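Heavy atoms only: backbone and side chains are in, while hydrogens, waters and symmetry mates are out. All of these numbers come straight from a predicted model, not from anything done at the bench.
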There are 2 protein chains.
Amino acid sequence: MMKEYRNIGFKLTPQRLAILDHLQGNKSHPTADEIYRAISKRFPTMSFATVYNTLEALKKRGMILEITIDPDKKRFDPDTTAHHHIICIRCGKVGDVPDNQSVLNMPKIGIRGFKITKWHIDFHGICKECEGSGS
Amino acid sequence: MMKEYRNIGFKLTPQRLAILDHLQGNKSHPTADEIYRAISKRFPTMSFATVYNTLEALKKRGMILEITIDPDKKRFDPDTTAHHHIICIRCGKVGDVPDNQSVLNMPKIGIRGFKITKWHIDFHGICKECEGSGS
DNA sequence: CTGGCTGCAAATCTTTTGCATCCTG
DNA sequence: CAGGATGCAAAAGATTTGCAGCCAG
């Protein structure tokens with residue numbers, strides 16, 4: 001597994017290991033700032049630049065996805081399998097939506113002269129917690 | 001038409017008319033900065049604050065949509081009918097994708113405990129111009 | 001060893017805000 | 001007239017960058 005990274009020209013430093021460890025299985029769709037804060041607790045010398053650099057390096061290599069459902073900041077997802085997202089319009093929490101039933105029967109080519117490479121669905125809704133707690 | 005706006009508590013100032021005029025039928029999915037720059041040519045006293053305030057007021061009243069396909073900045077769309085978007089992964093241009101065939105047969109309730117209110121598809125691809133001009 | 005990575009701080013870019021003044025309805 | 005809107009400039013956030021020193025491979 002660490003070999004995987006090395007084979008794609010990704011140097012494994014202690015900082016990067018901490019970031020990878022934090023992202024591993026993380027379903028919270030964290031922002032760069034959330035990742036930085038979570039890690040700096042145990043790793044006080046971590047810097048923003050390293051978090052951003054690492055996220056960018058991972059994104060470039062397809063190891064993580066940058067998701068655009070939140071208009072206010074970039075969020076990252078270590079789950080690179082086909083799936084979509086849902087955001088609560090009250091609290092902003094982001095959840096996963098499986099791509100089962102492969103909802104779309106989209107032509108892979110030809111929409112408005114674009115050659116389509118992929119797509120992603122943003123669902124908007126109200127989560128259980130917010131629904132239960134009134135407006 | 002101007003009456004429509006007044007009836008929903010939206011005061012029509014010269015600045016707002018210029019913004020509305022610029023957005024009318026605009027298919028470029030402009031950012032706040034693009035709108036500001038386009039208008040300040042002929043309206044030198046226009047300020048960013050007014051552009052942002054107006055976009056926020058229009059969004060709140062459902063007259064325009066804020067689209068999240070571009071991770072770097074907010075883009076706005078005066079077309080509020082059901083449709084989706086496609087962004088060119090090379091040049092960043094954003095196009096419309098009709099919602100015909102109502103591609104999704106999604107349940108309106110029940111995904112991951114969320115009550116779904118709406119959805120939007122981000123398509124990613126390569127536009128005609130970029131495809132033609134090599135890498 | 002060496003090129004890529006880190007940490008710091010400053011810079012940049014986008015968006016928001018405070019406030020005195022203005023003007024639409 | 002009154003309350004909402006404007007313009008300016010400063011503030012606030014998020015993200016990027018320059019660079020000297022460090023360290024994984």
Do the side-chain N or O atoms of [X] get closer than 4.0 angstrom to the phosphate oxygens (OP1, OP2) of [N]?
X	N	answer
A/R6	D/dA24	no
B/S47	D/dT6	no
A/R16	D/dA24	no
A/T13	C/dC5	no
A/Q15	C/dC5	no

How many Å lie between [atom1] on [X] and [atom2] on [N], as a whole number?
X	N	atom1	atom2	result
A/Y5	D/dA24	OH	P	18 Å
A/N7	D/dG25	CG	P	11 Å
A/L12	C/dT6	CG	C1'	15 Å
B/K60	D/dA5	NZ	C1'	13 Å
A/L58	C/dC5	CG	C1'	13 Å
B/L20	D/dA5	CG	P	13 Å

Min side-chain heavy-atom separation [X]-[Y] under 4.5 Å:
X	Y	value
A/I126	A/I89	yes
A/R16	A/Y5	no
B/H83	B/D77	yes
A/I121	A/V97	no

Exercise. Treat primed atoms plus P, OP1 and OP2 as sugar-phosphate and everything else as base, then score nucleotides 12-19 of chain D 5' to 3': B for base contact with protein heavy atoms under 4.0 Å, S for sugar-phosphate contact only, - for none.
Key: --SBBB--

Quiz item: What is the ring orientation for A/H29 with A/H85, classed by angle as parallel under 30°, tilted 30 to 60°, or perpendicular over 60°?
Solution: perpendicular

Practice problem: With the side chain of A/T50 defined as its heavy atoms from C-beta on, choose the nearest nucleotide among D/dA24, C/dT6, D/dG7. | Solution: C/dT6

Exercise. Using side chain to side chain contact (heavy atoms under 4.5 Å, CB included) as the criterion, point out the one residue from B/N26, B/T54, B/L55 that pairs with B/I35.
Key: B/L55

Quiz prompt | Under 3.5 Å donor-acceptor, A/T68 side chain and B/T68 backbone | solution = yes

Self-check item: Whichever of B/P44 and B/K11 has its nearest DNA chain D nucleotide further upstream toward 5'
Solution: B/K11

